[in-house]
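Convention: sequence-line order gives letters A, B, ...; per-chain numbering from 1.
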2 protein chains.
Amino acid sequence: MSHRNQQHKAGDLHFLKRLNRSAILEMVRRTPGLTRADIAAQAQLTKATVGAGVQSLLNQGWLREGELQKSSGGRPGRALHLNEEQHVLLGAEVGVHGLRLVACTLAGQVLASHHEHLVPTTPEVTAELLGKLLHALMHEAPVKNRHCLGLGIALPGPISPGQPVLRLAPNLGWRDIRFLDLLRPHLPRLDGTWLMDNEAKSAAFGELYFRTGTIPESLMYVSAGTGIGSGMVEGSHLPLVARGIQGLAGEIGHTVLQPGGLYCHCGNRGCAETLVSGWSIRAALGIAEEEDLIETLLPRMHEPEVQVTLRRAGEALGILLLNLHHSQNPSEIVLGGSLTRLGAPLLDPALHYFQENQTRLLGTPQQVPLRVVEDATFIAARGAAAQVLASIIHGPSDLF
Amino acid sequence: MSHRNQQHKAGDLHFLKRLNRSAILEMVRRTPGLTRADIAAQAQLTKATVGAGVQSLLNQGWLREGELQKSSGGRPGRALHLNEEQHVLLGAEVGVHGLRLVACTLAGQVLASHHEHLVPTTPEVTAELLGKLLHALMHEAPVKNRHCLGLGIALPGPISPGQPVLRLAPNLGWRDIRFLDLLRPHLPRLDGTWLMDNEAKSAAFGELYFRTGTIPESLMYVSAGTGIGSGMVEGSHLPLVARGIQGLAGEIGHTVLQPGGLYCHCGNRGCAETLVSGWSIRAALGIAEEEDLIETLLPRMHEPEVQVTLRRAGEALGILLLNLHHSQNPSEIVLGGSLTRLGAPLLDPALHYFQENQTRLLGTPQQVPLRVVEDATFIAARGAAAQVLASIIHGPSDLF
DNA sequence: CCACTTTGTTTGTTCTTTTTACTAACTGAA
DNA sequence: TTCAGTTAGTAAAAAGAACAAACAAAGTGG
């Protein structure tokens with residue numbers, strides 16, 4: 001994705017109006033139930049400006065009016081909410097073990113979802129299947145009859161910044177794939193915003209963007225699956241995903257934790273992925289690729305060999321988390337990915353190391369919250385859908 | 001520093017005007033010699049709007065008109081430049097071994113500078129001395145009679161985001177110091193913008209901000225001195241420094257490179273600083289704190305023990321650089337700090353490891369440029385001055 | 001010398017927010 | 001019940017900023 005404006009930012013009157021409409025919509029999205037007066041106070045705009053902006057957003061179906069609020073000695077305000085009936089956002093994740101699809105509302109509520117197992121195959125075959133599944137999803141009852149705002153795809157590898165190219169997906173065996181171009185012929189009638197992004201970055205974005213109430217200043221999502229990657233999203237106002245000049249930001253699986261350690265598939269030695277990742281655990285325990293790693297391991301958790309392997313991986317994960325803390329210091333860390341299903345034997349050593357060491361430097365009790373996701377299945381797909389919405393609200397298009 | 005606006009961003013007409021004035025000024029700053037027509041084309045504004053904005057910036061002394069440009073078949077445009085005669089920016093770095101002060105123009109040209117050696121002492125004594133030196137600097141010939149826009153201070157430790165508190169400076173023995181408050185009584189007549197930031201972050205900012213021509217999308221400055229820290233600045237439009245929720249972003253000296261390794265002063269084991277930093281080199285070679293590390297080592301570079309120590313430190317530095325590449329992927333890395341004076345024995349292993357491994361993952365020839373600073377003496381101080389200018393141009397104040 | 005091109009300014013228009021005044025709707029006390 | 005006080009939202013005129021178009025200025029090139 002990325003709506004980077006390389007040129008220097010100046011603005012005309014149209015830009016200003018759009019900015020204010022975006023601000024109003026974002027405020028209502030993040031704090032459902034705000035009144036016009038609340039918005040005017042928070043945004044430092046006059047009641048008249050807010051009133052006009054709200055009116056046009058109501059007319060276009062982005063907002064709806066709710067109930068009257070309790071009065072505090074004067075005329076009660078009218079609550080404003082997102083109109084969640086009219087639009088739908090599509091998101092999909094192409095994972096190593098399958099496809100995950102979601103259709104969700106403007107607030108991120110999942111209307112329909114689908115999880116299709118799939119062994120790695122060519123981009124073309126994957127795109128065709130995904131196209132069919134998305135087509136089917138769009139015709140399910142709760143999705144049908146809604147206007148689709150666009151489609152976001154999350155992919156397991158670095159994306160070229162500025163152009164929709166998946167540079168590399170080692171666990172799929174893909175390289176330099178323009179996945180949207182492959183998908184488009186299978187969904188000729190789906191218009192709106194199309195975008196693609198790295199899986200962990202989409203997940204990070206969605207975890208921050210679809211949250212209501214107090215929004216953290218930044219959030220880092222760590223995705224531990226076949227490989228290990230991360231996404232950092234920053235800025236409570238307009239959340240931006242850090243991509244890096246080659247899209248390599250967040251490739252923490254290839255940060256070196258053990259100089260002179262095992263060889264990684266990237267050719268370097270001692271990468272984090274050689275210590276903690278689906279494939280390193282497989283390698284350590286001799287589990288074949290055909291078997292589902294998690295399903296194979298869950299019944300074997302009592303075995304000492306498994307426990308030792310997972311504890312070592314967990315310790316490496318803890319170091320990885322601490323290193324992220326000391327190099328980027330996110331407001332919050334969210335840990336997801338399929339490996340989280342392995343539970344305590346993997347996670348306890350990681351969490352313990354992180355908690356133990358994160359406050360050493362400053363010596364204050366203030367802790368950075370680290371949350372382990374309960375069910376990571378649709379997080380990246382939902383995050384990609386969130387990115388679609390954000391690019392419409394903040395992007396250059398005049399869709400609203 | 002940090003002019004973070006927590007609230008949601010909307011704007012009025014005044015804001016729009018200011019935005020456009022900022023854009024014009026920034027464009028001229030970054031590309032000296034632009035004409036009004038160039039600006040109008042690049043910024044997507046009309047000639048009339050640009051003309052009015054330029055006129056007011058000329059009247060206020062921020063810009064000056066230069067020579068006529070070569071005609072390309074029509075009326076030649078009038079080149080615009082920053083007016084560097086009127087203002088001065090002050091910057092200072094409080095380092096472990098002394099104070100560095102600069103006074104520079106809007107374009108970052110150093111008008112006067114001073115380097116004062118000083119053994120670590122209390123914040124109060126340091127502030128008093130710095131106040132005197134700054135006072136003297138302001139009365140040097142090239143600085144005198146200029147209007148001072150403000151003062152930026154770079155400090156060797158993490159700063160609380162949002163408030164001007166140095167949380168910790170282990171190598172000075174300071175903790176929770178409101179340094180600006182200590183300094184202010186000694187410079188009662190210096191008004192303008194006062195700010196403080198971490199030394200590596202100031203340096204990173206200055207390295208990007210005072211560059212003209214093509215600006216990298218992001219830049220990471222790695223400062224290798226008594227400790228080791230980094231600063232990441234992103235956004236070619238409005239460059240922002242990543243700080244993190246506790247100001248710990250960039251504390252790469254405490255990322256763990258060697259699990260179970262040596263104990264660090266932070267209490268954890270295997271931190272990067274135990275492998276590469278001024279203090280770890282001292283420890284490895286038994287050099288007392290009273291001696292100047294670099295001056296002591298330079299005559300001893302032929303000794304095998306020194307060579308081995310520096311090579312090992314260099315290898316760790318290379319890993320650190322590669323880890324930054326794979327976790328944040330800056331457009332450019334700049335390596336500075338006093339240790340760079342040790343030259344090839346330290347730097348060659350680092351650069352070699354980095355060049356060798358940075359393209360493994362994507363397999364493309366595209367390299368991220370890594371530049372070693374020739375003279376890092378005033379880089380952080382000058383960067384702090386740059387931050388003053390940026391906070392005036394982009395910040396909330398109405399100074400221009 | 002003249003047609004043509006490009007720069008920069010002037011003038012009046014358009015667009016957006018602001019100001020001010022007003023209506024609406026509720027609280028609480030007389 | 002009434003009425004002063006308070007807060008929410010709207011309407012119309014006013015102000016401010018950018019815009020469009022015409023124009024003046026200053027070159028080029030035949």
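Here A:Asn83 pairs with nothing under the side-chain hydrogen bond (donor to acceptor under 3.5 Å, both in side chains) rule; sequence neighbours left out. Looking at residues two or more places apart in sequence or on another chain, you find a side chain to side chain contact (heavy atoms under 4.5 Å, CB included) between B:Ser71 and B:Pro76. For A:Ser56, the side-chain hydrogen bond (donor to acceptor under 3.5 Å, both in side chains) partners two or more places apart in sequence, or in a different chain, are A:Arg21. Taking the ring-ring contact (aromatic ring centres under 6.0 Å, His included) definition, one finds that B:Trp62 meets it with B:His87, B:Phe400, sequence neighbours left out.
For the pair B:Arg64 and B:Glu85, the salt-bridge criterion is not met [side-chain N within less than 4.0 Å of a carboxylate O]. The residues B:Arg36 and B:Glu65 are annotated as salt-bridged, a charged nitrogen and a carboxylate oxygen being separated by less than 4.0 angstrom. Remark: B:Glu332 engages B:Arg211 in a salt bridge, criterion side-chain N to carboxylate O under 4.0 Å. A salt bridge is absent between A:Arg243 and B:Glu217; no separation between the charged side-chain nitrogens and carboxylate oxygens falls under 4.0 Å.
Dashed line: the shortest gap from a side-chain N or O of A:Thr49 to OP1 or OP2 of C:dT17 is not under 4.0 Å.
A nucleotide of DNA chain D counts as in contact with chain A when one of its atoms lies under 4.0 Å from a heavy atom; the first and last such, 5' to 3', are D:dG5 to D:dC19.
If you measure from atom CG of A:Asn20 to atom C1' of C:dT16, you get 9 Å, rounded to the nearest angstrom.
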Next item on the list: List the protein contact pattern of nucleotides 4-15 of chain C with one symbol per nucleotide (5' to 3'): B for base contact, S for sugar-phosphate-only contact, - for none; contact means a heavy-atom distance under 4.0 Å.
Entry: -BBBBBB----B

